[in-house]
J.: 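Dumping the structure here so I can ask a few things about it.
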Amino acid sequence: MTTEELWKKYEEHMFRISAYNLVLSMVYFDNDTIAPTKGDEYRNERMAYMDGEQFSLQTDPEFIALMEELSKREDLDDTRRRIISWQLKDLDAIRNIPKELFVEYSQLSMESQQAWEKAKNANDYKLFEPYLLKIIEMSKRMLTYRHSDLKGYDILLSDFEPGMTIEKYDEFFSLIKRELVPLIRQISLKEKIDTSFTRRHYPKDLQKKLMYRILEYMHFDLEAGLLSETEHPFTNSISKYDNRITTHYYENNLMSSIYSVVHEAGHATYNYQVSDELAKTYVFDNMSSGMHESQSRLMENYLARRDSFWDNLFRDMKELFPEQLEGISQEDFVRAANATECSLIRTEADELTYPLHILIRYEIEKGIFDGSVDVNDLENVWNDKYEEYLGIRPQKASEGILQDVHWSGGSFGYFPTYALGSGYAAQFIKAMSRDLDIDECLSNDEFIKIKDWLREHIHKYGGLYSPSEQIRIATGEDFNPQYYIDYLKDKYTKLYDL
Ligand code: ZN
């Protein structure tokens with residue numbers, strides 16, 4: 001068979017996988033948004049079955065042999081070669097796992113997520129603990145089927161962020177600890193910025209109007225995406241022209257929906273701007289978690305917390321909330337959007353303290369997998385670390401160990417990419433500012449220029465390149481976390497007059 005014919009066969013099989021993907025994505029989206037909870041059990045069993053069917057397609061030995069054959073062909077072009085090699089690499093995570101174990105794990109993680117939700121609502125870690133222990137045990141068992149050069153937690157880290165290891169993360173987080181902890185202490189001695197007006201009553205329907213105004217400003221294509229509601233905001237990019245984002249409206253919190261919508265729109269924009277050539281291939285959505293997070297953080301923190309971002313939006317916001325924002329200037333608003341204070345909830349944390357929330361989770365995960373943390377004492381371990389790094393101790397499990405969904409689904413190794421993504425974004429912004437006057441674009445209602453820059457330097461490639469290659473392509477240099485540290489130090493020194 002010619003290489004072209006082989007490729008055709010490969011594409012036909014990929015089409016079948018993508019059809020399963022579509023159906024599963026829709027059911028998952030439905031599950032997270034509107035599905036009634038009493039139907040959980042019925043759905044879980046059938047979704048686990050569907051997951052298993054998709055698993056069979058992905059790990060079909062004939063299909064894997066086909067890919068391996070393709071990867072050996074010398075006349076395969078470079079783009080296709082990369083697509084195949086990423087897919088083979090990712091397959092390593094599942095290809096040797098027995099299907100029954102995979103289905104069992106899939107069902108356990110669904111049940112565990114539902115148990116987590118109940119435990120969180122009841123504020124009782126004990127309701128979730130048995131599921132978490134089972135998930136940890138099974139995650140460790142799944143690792144024994146991996147044929148990686150790496151070991152233990154390193155395998156999981158590199159699943160989410162190719163190229164990253166404990167050694168590299170240790171270095172990254174020790175820089176954060178060394179540079180940011182003293183800065184946070186210094187700020188805690190200064191006078192607080194007034195954010196009280198952001199906690200007034202902001203009716204949900206008006207917040208919704210504001211979100212659509214912000215999305216319009218960001219040139220978010222509502223014919224290729226939608227905004228829905230969930231307990232926890234997320235993005236589901238089903239295809240290039242079907243990007244679904246969600247948010248949660250808190251009527252006593254103006255900032256929460258604004259920054260979660262901008263964040264998720266950042267994720268959605270990444271997939272929306274993948275080139276047509278790659279949009280129906282494997283690299284449409286195989287970007288590393290850190291790369292993806294860099295694009296959401298870039299919009300949320302590096303753009304939407306700037307004064308110039310609000311030049312076109314603040315007046316509209318004030319029209320929507322004349323009483324709530326009476327006497328508040330754009331400057332007051334932007335200062336409040338950047339205020340920092342040690343707090344318990346990661347998703348509500350400000351830009352400066354955020355990486356410490358991640359550091360805590362990283363240290364706990366590392367300890368779970370190397371055995372240095374007692375898994376039967378996780379709630380205390382969690383609380384102790386918050387006291388150590390942020391100086392506050394959770395009084396309720398819902399504000400402590402139960403706040404995040406990730407562990408319930410077995411996503412170990414994912415958290416560190418959140419902090420890494422912020423680090424990448426600092427370097428991308430630096431590179432962008434060499435080509436564009438960012439403030440001028442924002443102020444002149446030309447967000448599109450920023451989107452174009454991101455498409456040309458990053459988005460159009462999808463996940464074709466490794467994070468380190470992609471960073472070099474976009475910025476001309478290797479990843480350097482010092483940009484991130486300098487950005488935070490500079491910004492907060494000015495803001496708090498240090
Ligand atoms: Zn995100």
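Keep in mind that the numbers below use all heavy atoms, side chains included, and drop hydrogens, waters and symmetry copies. Order of appearance sets the numbers: ligands from 1, and atoms from 1 within every ligand. Quantities reported herein were computed from a predicted structural model and do not represent experimental measurements.
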J.: Can you name the N/O/S atom of H267 that is nearest the Zn ion (ligand 1)?
T.: NE2
J.: Can you tell me if H292 has an N, O or S atom under 2.8 Å away from the Zn ion (ligand 1)?
T.: no
J.: Starting from the Zn ion (ligand 1), look over the N/O/S atoms of E293 and name the nearest one.
T.: OE1
J.: Does the ring of Y386 carry R393 above it, NZ/CZ under 6.0 angstrom from centre and within 45° of its axis?
T.: no
J.: Parallel under 30°, tilted from 30 to 60°, perpendicular over 60°: which one fits the rings of Y202 and F321?
T.: perpendicular
J.: Parallel, tilted or perpendicular, judged at 30° and 60°: which one describes the rings of Y418 and Y354?
T.: perpendicular
J.: Kindly confirm whether the Zn ion (ligand 1) is within less than 2.8 Å of some N/O/S atom in E264?
T.: no
J.: Should the pair K460-E456 be classified as a salt bridge under the 4.0 Å nitrogen-to-oxygen rule?
T.: yes
